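Just so it is clear: chains get the letters A, B, ... in the order the sequence lines come, proteins before strands, and each one is counted from 1. Just so we're clear, the structure is a prediction, and the values are computed from it rather than from any experiment.
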Amino acid sequence: MEDFSKTVLLPKTSFPMKGNLNQKEPEFLKMWDTCDIYRKVTEKNRGREGYLLHDGPPYANGHIHMGTALNKILKDVVVKYKSMKGFYSPYKPGWDCHGMPIEHQIFKEMKAEKSSVDILKFRKRAAEYAMKFMAIQREEFRRLGVLGQWDDPYLTLNRDYEATIIRAFWSLYSHGYIHQAYKPIYWCISCETALAEAEIEYENDKTPSIYIRFPVVCCPVAEGYKDLSFLVWTTTPWTLPGNTGIAVNPDLEYAVAETDKGSYILAKNLVETVFGKKGKVATILKTFKGTELEGCIYRHPFIGRESKVILADFVSSLDGTGCVHTAPGHGEEDYYAGIKNNLDILSPVDEKGRFTDEVIDYKGLNVFDANPLIRDSLQRNGSLFYDEEIEHSYPHCWRCKKPVIFRSTKQWFLKIDHDGLRDLMKKEIEATSWIPPEGKNRIGSMVETRPDWCLSRQRLWGVPIPVFYCRKCGKAVITRETAERTEELIRIHGSDVWMEKSEKELLPENFSCPFCKGNEFTREKDILDVWFDSGTSHLAVLKNDSNMKWPADLYLEGSDQHRGWFQTSLITSCGIEKKAPYRKVLTHGFVVDAEGRKMSKSLGNVITPDELIKKYGAEIVRIWSISENYQQDVRISDNIIQNVVMTYKRIRNTLRFLLGNLYDFTPSMALGHGDLREADRWAIEKTREVANRITAYYEDFALNKVYEELHNYCNIYLSSFYLDHLKDRLYTYGRDSRERKSAQTALHSILMTLLRISAPVLSFTAEEAYQSIGWEGKKESIFLEDWPETCAPDEKLLEKWEKFFEFRKKVLKKIEEKREAKEVHGSLEAKVRISVPGEMFEFLGEFEKPESLFIVSEVEIEKGNETEITVGKTSLKKCSRCWVHFPDVGSNPDYPDICGKCIKAIGENSSANPE
RNA sequence: GGGCGCAUAGCUCAAGGGCAGAGCACUGUGCUGAUAACGCAGGGGUUCGUGGUUCGAAUCCACGUGCGCCCA
């Protein structure tokens, strides 16, 4: 029998089935780079409506991880979508360059200490370090296929950026938002330096544990008891001079307990334990809730000062007495409790850890040395109830390993309640759209209760607080003149200038103190919290650049930024611009493993973008990023990635089939809508419907639905039905036959739609497919194409075919039964006899060539009372060219093995444009 | 310990008081002209647990458990 396989028009394409993404992706990165596609895309849309996504700056330290990759990819998808939609949508990536983690690294590298280091050398190295990792991460982000202004990112260490920070500080200062106040910080008395949280190590220490009487002055709920005291427990006797309050738990039950030596107020459930220490039994005279104690007055046991009882949730009922010694100058919890209740914040300790003049009895004494003396004096005056030694986890300095203290120093604060700032923020939170909507609640409750923002850091790597101190009167000095001068100097020289130049050089000429006319100054040594840096990015990046847009249309970050960047940006923006810097805030969850646990080295469940790129390609990382509902935590595991790879293969193969059957087609050959076969019209309408739906998903940032829709479309409608059905027409009909051209017209439309709507996500593959075609009017890149227009599909046609598919299912089922019974092999061996009631009979009659829709050789449809479908083996002869069984096979003696249609096709193909 | 959130098939997701579904994966099978591809079919569920409301709960309520983010 003659071999006709050479005469059928099989698919032909240079677009391979196997992606080899890890190898091929760099080629497209290079092409996007050399052709400057990002700029061409944004320039194309210049002058049109803008859509601005403002990039939250990642920290310039270390390599990117799955979370940063997810974040950048989501941003990239949004920006690419908006750009293809025609919005002017520049994307300027940024980096957060100052701050502790880098400082930490540099100290390690230099084996140096903060007190002895050459600040300028140190800062130079820190800047180099930040730039190095910025460059590393930039390459890693680009490798993911993220398009943006990579040659001109924003960096918080840029001079202009730093100058903006100074200006923002001044603006807030001049409007009264910024002031100085005391706040306790970790302090190492041997290194004489402030310590950051990260520089603290906890170790077990023996510490004194003492129980003290604080005599009651006034306590309405416990009126009339003899010798009544609060029984207070502390492990840091040296902080007692700083005591300005006693905290009790509002929900805890308290008691007046009596012994032969007077009566005490303490938590009821601790009475037995506490008195048991002394081997005593106390009688409970009265009980009441902690709330009843609020505002009671007591006297300090050795200073004589009167202070009040406050309520605090953190008071534990497990140890101590339930009455907590509160020294707001010596502890963070104490501090916030003190602020809330207007307690004095005392800190009578100098930088060497010695008591100052304020504490007459122990003046000049090291606080740890004072512990036993204070104990003794308490014992002498009868205030000591009980004392012992306990083991206790206590903070130590990471350098000298000595125990640290909490010491209050003057810090700069941004007042959250000044000029209605908190209320304005709450109003702006309302006016912003938060996706998912829980975000509004989350940031709202934080803003509701957040304390003033402490802007000072006793660090080296950051932007200086632009304040001077008059040597004569000691007052802090910042005026419009000095602020503008500082801003200008930093704009020219960078913030190192603050450390380089003398005060005289930093100040305007002939500047004198506005308070006392003094003309000698020192400069502030503290720097600004790095969150102030990134919190002013909307000013530095959006306001300062006419290509940008303020407020931004979208901020898109991990949900941890409700506390971080969303909030700090909101504070500076509401303080300075009286408005939120964003219209919409979209958050995503965190990347976790298959069981929902966070990735950690110890669990051994870490997956990195780098290993995925090497193994599968960045495209897989991109698809994974949108494949799940990122508003919750996003899972990743080998299994999950395997599923993504499968999906990718399916979509890729679908594209390959489309391309393969369009090798001899150009858009000018497309048939008019009216000339198309109905199946092809349906396919075009279906694609339109899918494109509309996918567009709506992009609009809602429901990217996992984009993924699902895309995949289902390729599977259910294209592969299983339409493309399978088309094979006969594409391969076996005449090259220029109406059947084939009609099919190709549809395929072309489908391909172009598919490529455009998948390009924001499947950037590499869409570009690869796009580059493999050579039609007239083709753009330089898929990203220069316009988004498919949304227009209503022909619903009637779609409904009609949906009904047909329902029926087709039944037919397929019957064919399957016969195949299982080995009565027929391929479906082309099947003959389908359909008997249906009148209405359905009419309906099926509307479909041209139903054999081709069921992919069988014979279909007989007749009117009957019931729906009955029977399948048998066809008795017709198989055409050895198109494999369909036809009655006319063999009727032409020249071609004994093939059907009439195929004879015609062979004739046409050889006479028309042979290859 | 507190605030916010999540939990449905092996995986990713639907269904929001009325028979728990889809796609993938898996298994079987067909084809050998999308071929490391493609078609067809099938199996697969204590809807995290316990208790409650209800004629009826994956769904509403309460209490747990596990996990994540933020804070202490």
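Taking atom P in both G5(B) and G23(B), one finds a spacing of 33 Å when rounded to whole Å. Separating the P atom of A15(B) from that of C48(B) is a span of 15 Å, rounded to the nearest Å. Taking atom P on both G49(B) and A57(B), the two are 14 Å apart, rounded to the nearest angstrom. A distance of about 14 Å separates the P atoms of G3(B) and A62(B), rounded to the whole Å. Spacing between U59(B) and A9(B) at atom P, rounded to whole Å, works out to 15 Å. Nucleotides A25(B) and C61(B) have their C1' atoms positioned 37 Å apart, rounded to a whole Å. Comparing the P positions of A14(B) and C60(B) gives a spacing of 15 Å, expressed to the nearest Å. With C1' as the reference atom, U46(B) and G51(B) are 16 Å apart, rounded to whole Å.
Atom P of nucleotide C38(B) and atom CG of Asp728(A) are separated by 20 Å, given to the nearest angstrom. Between Lys18(A) atom NZ and U35(B) atom P there is a gap of 15 Å when expressed in whole angstrom units. Here G39(B) presents its P atom at 10 Å from CZ of Phe657(A), a figure rounded to the nearest Å. Separating the CD atom of Gln631(A) from the P atom of C69(B) is a distance of 18 Å, rounded to the nearest angstrom. Summarising the geometry, the separation between CZ on Arg656(A) and C1' on U35(B) is reported as 9 Å, rounded to the nearest angstrom. The distance between atom CD1 of Ile815(A) and atom P of C31(B), rounded to the nearest whole Å, is 14 Å.
For Arg597(A), the listed nucleotide lying nearest its side chain is G68(B); candidates were G68(B), C4(B), G10(B). Side-chain proximity of Val8(A) to the nucleotides A34(B), C24(B), G33(B) is greatest for G33(B). Comparing U12(B), G68(B), C40(B) by their closest approach to the side chain of Ile640(A) singles out U12(B). Candidate nucleotides C70(B), C24(B), A22(B) were compared by shortest atom distance to the side chain of Asn712(A), and A22(B) ranks first. With distances taken from any side-chain atom of Arg635(A) to the nucleotides C24(B), C69(B), U12(B), the minimum falls on U12(B). Distances were taken from every side-chain heavy atom of Glu708(A) (C-beta onward) to each of C13(B), C11(B), U35(B); the shortest belongs to C13(B). Listed nucleotides G5(B), A72(B), C24(B) differ in distance to Glu333(A); the shortest reach to its side chain belongs to A72(B). The side chain of Trp883(A) sits closest to G33(B) out of G33(B), A25(B), U35(B). Of the candidate nucleotides G33(B), C69(B), C70(B), C69(B) has the atom lying nearest to any side-chain atom of Lys598(A). Closest contact between the side chain of Glu820(A) and the listed nucleotides C13(B), A41(B), G33(B) involves A41(B).
Backbone-only engagement by Arg563(A) is indicated by non-hydrogen atom pairs under 4.0 Å involving sugar-phosphate atoms exclusively. Note on Glu628(A): only backbone sugar-phosphate atoms sit closer than 4.0 angstrom, heavy atoms only; bases stay farther off. Counting any heavy atom pair closer than 4.0 Å across all strands shown, Phe590(A) reaches sugar-phosphate atoms only and no base atom. Here Lys822(A) lies in heavy-atom contact (under 4.0 Å) with sugar-phosphate atoms only. Residue-level contact check: Lys813(A) touches the backbone only, with heavy atoms under 4.0 Å from sugar-phosphate atoms and none from bases. Ser627(A) comes within 4.0 angstrom of sugar-phosphate atoms only, judged by non-hydrogen atoms across all strands, and of no base. Residue contacts for Leu10(A): at a heavy-atom cut-off of 4.0 Å it reaches a base atom on one of the strands shown. Base engagement by Arg881(A) is indicated by at least one non-hydrogen atom pair under 4.0 Å involving a base atom. Contact annotation for Asp724(A): backbone-only contact, meaning every heavy-atom pair under 4.0 Å involves sugar-phosphate atoms and none involves a base. Backbone-only contact: Ile716(A) has heavy atoms under 4.0 Å from sugar-phosphate atoms and none from a base. Among the protein residues, Glu595(A) comes within range of no part of the nucleic acid, since none of its heavy atoms lies under 4.0 Å from any strand. Here Ser5(A) lies in heavy-atom contact (under 4.0 Å) with a base.
Base pairing of G39(B): its partner is U29(B), meeting the Watson-Crick or G-U wobble criterion (both donor-acceptor distances under 3.5 Å). The nucleotide U50(B) finds its pairing partner in A62(B), both defining distances of the Watson-Crick or G-U wobble pair being shorter than 3.5 Å. C67(B) and G5(B) make up a base pair, with Watson-Crick or G-U wobble contacts both under 3.5 Å. Across all strands shown, A22(B) pairs with U12(B); the Watson-Crick or G-U wobble distances both stay below 3.5 Å.
The side chain of Asn661(A) contributes no N or O atom lying less than 4.0 Å from OP1 or OP2 of A34(B). Using a 4.0 Å cut-off, some side-chain N or O of Arg650(A) falls inside it from OP1 or OP2 of G39(B). Checking the phosphate oxygens (OP1, OP2) of C31(B), a side-chain nitrogen or oxygen of His825(A) falls inside 4.0 Å. At the phosphate of A34(B), OP1 or OP2 sits under 4.0 Å from a side-chain N or O atom of Lys727(A). For Tyr731(A), a side-chain nitrogen or oxygen approaches OP1 or OP2 of A34(B) to under 4.0 Å.
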With salt bridge (charged side-chain N to carboxylate O under 4.0 Å, His left out) as the test, would you mind laying out the steps for Lys426(A) and Glu430(A) before giving the verdict?
-> CA-CA 6 Å; Lys426(A) 278 152 69 179; Glu430(A) 270 316 304; over 6 Å; no
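Two residues are said to be in side-chain contact when any heavy atoms from C-beta on lie closer than 4.5 Å; Lys814(A) and Phe854(A) fail this criterion. Residues Leu659(A) and Ser772(A) form a side-chain contact, since some pair of their non-hydrogen atoms from C-beta on lies under 4.5 Å apart.
Of all non-hydrogen atoms in Ala267(A) and Tyr254(A), the two that sit nearest each other are N-CD2, 3.6 Å. In this structure, Val884(A) and Ser857(A) approach most closely via the heavy-atom pair CG1-OG, 3.6 Å. Between Arg422(A) and Val447(A) the shortest heavy-atom distance is NH1-O, 2.7 Å.
Trp434(A) and Tyr582(A) have perpendicular rings, their planes meeting at more than 60° on a 0 to 90° scale where under 30° would count as parallel.
Atoms NZ and OH, from Lys686(A) and Tyr717(A) in turn, are 3.5 Å apart once rounded to the nearest 0.5 Å. One distance of note links CG of Leu828(A) with CD1 of Ile855(A); it measures 7.5 Å at 0.5 Å rounding.
Residues Lys809(A) and Ala594(A) each lie close to RNA chain B; by heavy-atom proximity, the contact nearer the 5' end of the strand is made by Ala594(A). Mapped onto RNA chain B by nearest heavy atom, Ser445(A) and Tyr630(A) fall at different nucleotides, with Ser445(A) at the one closer to the 5' end.
Between the side chain of Arg442(A) and the base of C69(B), a donor-acceptor pair under 3.5 Å is found. Not a single donor-acceptor pair, N or O on each side, falls under 3.5 Å between the base of A34(B) and the side chain of Thr654(A).
Checked options Thr236(A), Thr235(A), Thr239(A); the residue passing with His325(A) is Thr239(A) (criterion: side chain to side chain donor-acceptor pair (under 3.5 Å)).
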